[in-house]
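None of the values given here were measured: they were computed from a predicted structure. Below, chains carry the letters A, B, ... as their sequence lines are ordered, and counting in each starts from 1.
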2 protein chains.
Amino acid sequence: MSSTCNHSYRGCVAGVPIFNHLEAEDLDEIMKTVHSSTYQKGEHLYHAGDTLGALYIVHKGKVRIYRMNEEGKEQLVRLLSAGDFTGELALFTNKKEEAYAEVVEDAQVCRITQDDLHSFLMQYPTIALKIMQEFATRLDTAETQTALFAQERVETRIAKYLLTCTENNTARLTMTKRDLASYLGTTPETISRRFSDMERSGIIQKQDSRTFLILDQVQLEEL
Amino acid sequence: MSSTCNHSYRGCVAGVPIFNHLEAEDLDEIMKTVHSSTYQKGEHLYHAGDTLGALYIVHKGKVRIYRMNEEGKEQLVRLLSAGDFTGELALFTNKKEEAYAEVVEDAQVCRITQDDLHSFLMQYPTIALKIMQEFATRLDTAETQTALFAQERVETRIAKYLLTCTENNTARLTMTKRDLASYLGTTPETISRRFSDMERSGIIQKQDSRTFLILDQVQLEEL
DNA sequence: AACAAAAATTGACGCAGATCAATTTTCCCA
DNA sequence: TGGGAAAATTGATCTGCGTCAATTTTTGTT
């Protein structure tokens, strides 16, 4: 069960890229209209088909955005953590939501209604700019992702993904391999095999189930 | 060669969803800052790697937005016609463009510089709303497209695509099958075979090279 | 610590779709 | 309007990856 309250809780909004450039008094203004809820693992923020009237901003925890086709096959679209938002489709168009938002780590989520947001946009045009920045970036990511699916083999997709989450020659996965498979448009079995291949050929080395040492970055890059 | 002029040409802007809700005098205001160019088939508006400082709005003609991977494989991302725009990534973020924009049908294109657009957004917040609407829609399309690639067979992708361009039981392709293959992440050969299959099983019937009669929409929908 | 449930691994097998190659058809534009 | 180039079609072959199935490992819970 999720619990709701609409007290002023500035932290929820202050940490979010869309708003964090505003002055303190403007933030407080916005906070007055924000509804904050906590959700537990397994709960959904929304389902496909819902007509959302609000923007959901994750303040704490993790939320899995996924789609499902007619046969029930899932595709992981995005994994939200603190500062990320969702629900923009129903907010800016009048389409129904096509994705599901499932809490995978106990979360605190702020909601801003469509009407409130629209009036903020008129009042603070810089917010619009921030949102557009976020949109443009996400659009680019989505199109890159599509191109990746369209023209690269699974091995290449994994390699590219690993590189995006590598720091100091160490790749730390933020999700299970099962979710990774779904995100990369393949199966857990194939993910497993490709990881084994890469270990066998000395490109990576398993540290623990979620951490891998990159032994040969050059080779990884040209997969 | 493209020719440029920046005379006031209201038509360029008036027909564009982002601006067409504005009053005539506001339109004229905007028009003053718009640069209009004509391009011939084969010319490029921009290449991957360019740092664009402007939004490109197609007023006439067609523009092919495509990406290319390291091996030179192309993926068609979008086909722009009158009213569509491109260049938003470089405009709202500071990333370099990752796609190519090639004119495939003699085109007239308007350009609005970053600075001008930003000041319009502050002056007319409703423009921002329109752009966000467009972004949200496109984001949804891109994510739908990704999911389509991730979980559906080529036959299904074709079927879904055909349905999007069907009117009165007639599907009219807006691009060559070669481009369609690139758009759907497959090869011309496979496209050809699947179309033949669908004709053989009485689902569609070729009218001319770009037009197909939908004989059995139900079956097409469940492919 | 112990258990159940979820996740991950590995093998065997089959198929959708890519690739290569050879025509045929369509589309321009000179 | 004719000729050359691009696009489309069709066949033959090969392969990456999905599917099914059986364990094994990891994880979270009491």
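- Atom NZ of A:Lys96 has 12 or fewer neighbouring heavy atoms from other residues, nucleotides or ligands inside a 6.0 Å radius.
- If B:Ser196 and A:Asp208 are placed on DNA chain D by their nearest nucleotide, the residue sitting closer to the 5' end is B:Ser196.
- Among the nucleotides D:dA7, C:dT19, C:dT10, the one closest to the side chain of B:Arg178 is D:dA7.
- The cationic group of B:Lys177 lies under 6.0 Å from the six-membered ring centre of B:Phe195 and within 45° of the ring axis, placing it in a cation-pi geometry.
- In terms of position on DNA chain C, the residue among A:Thr190 and B:Glu155 whose nearest nucleotide sits closer to the 5' end is A:Thr190.
- In this structure, A:Arg67 fails the cation-pi test against A:Tyr100, since its NZ or CZ atom is not both closer than 6.0 Å to the six-membered ring centre and inside 45 degrees of the ring normal.
- If A:Ser209 and B:Ile191 are placed on DNA chain D by their nearest nucleotide, the residue sitting closer to the 5' end is B:Ile191.
- With a 6.0 Å cutoff to the six-membered ring centre and a 45° limit on the axis angle, B:Arg138 counts as a cation-pi contact of B:Phe85.
- At the heavy-atom level, A:Lys41 lies nowhere under 4.0 Å from the strands shown.
- If you check every strand for non-hydrogen atoms under 4.0 Å, B:Arg194 touches sugar and phosphate atoms only.
- In this structure, of C:dC20, D:dT9, D:dT19, it is D:dT9 that holds the atom nearest to the side chain of B:Ser192.
- For B:Arg153, the side-chain atoms get nearest to C:dA16 when compared with the rest of D:dA21, D:dA8, C:dA16.
- One interatomic measurement links the two molecules: CZ of B:Phe149 to P of C:dA18, which rounds to 11 Å at whole-angstrom precision.
- At whole-Å resolution of the value, CG in B:Leu184 and C1' in C:dA18 are 16 Å apart.
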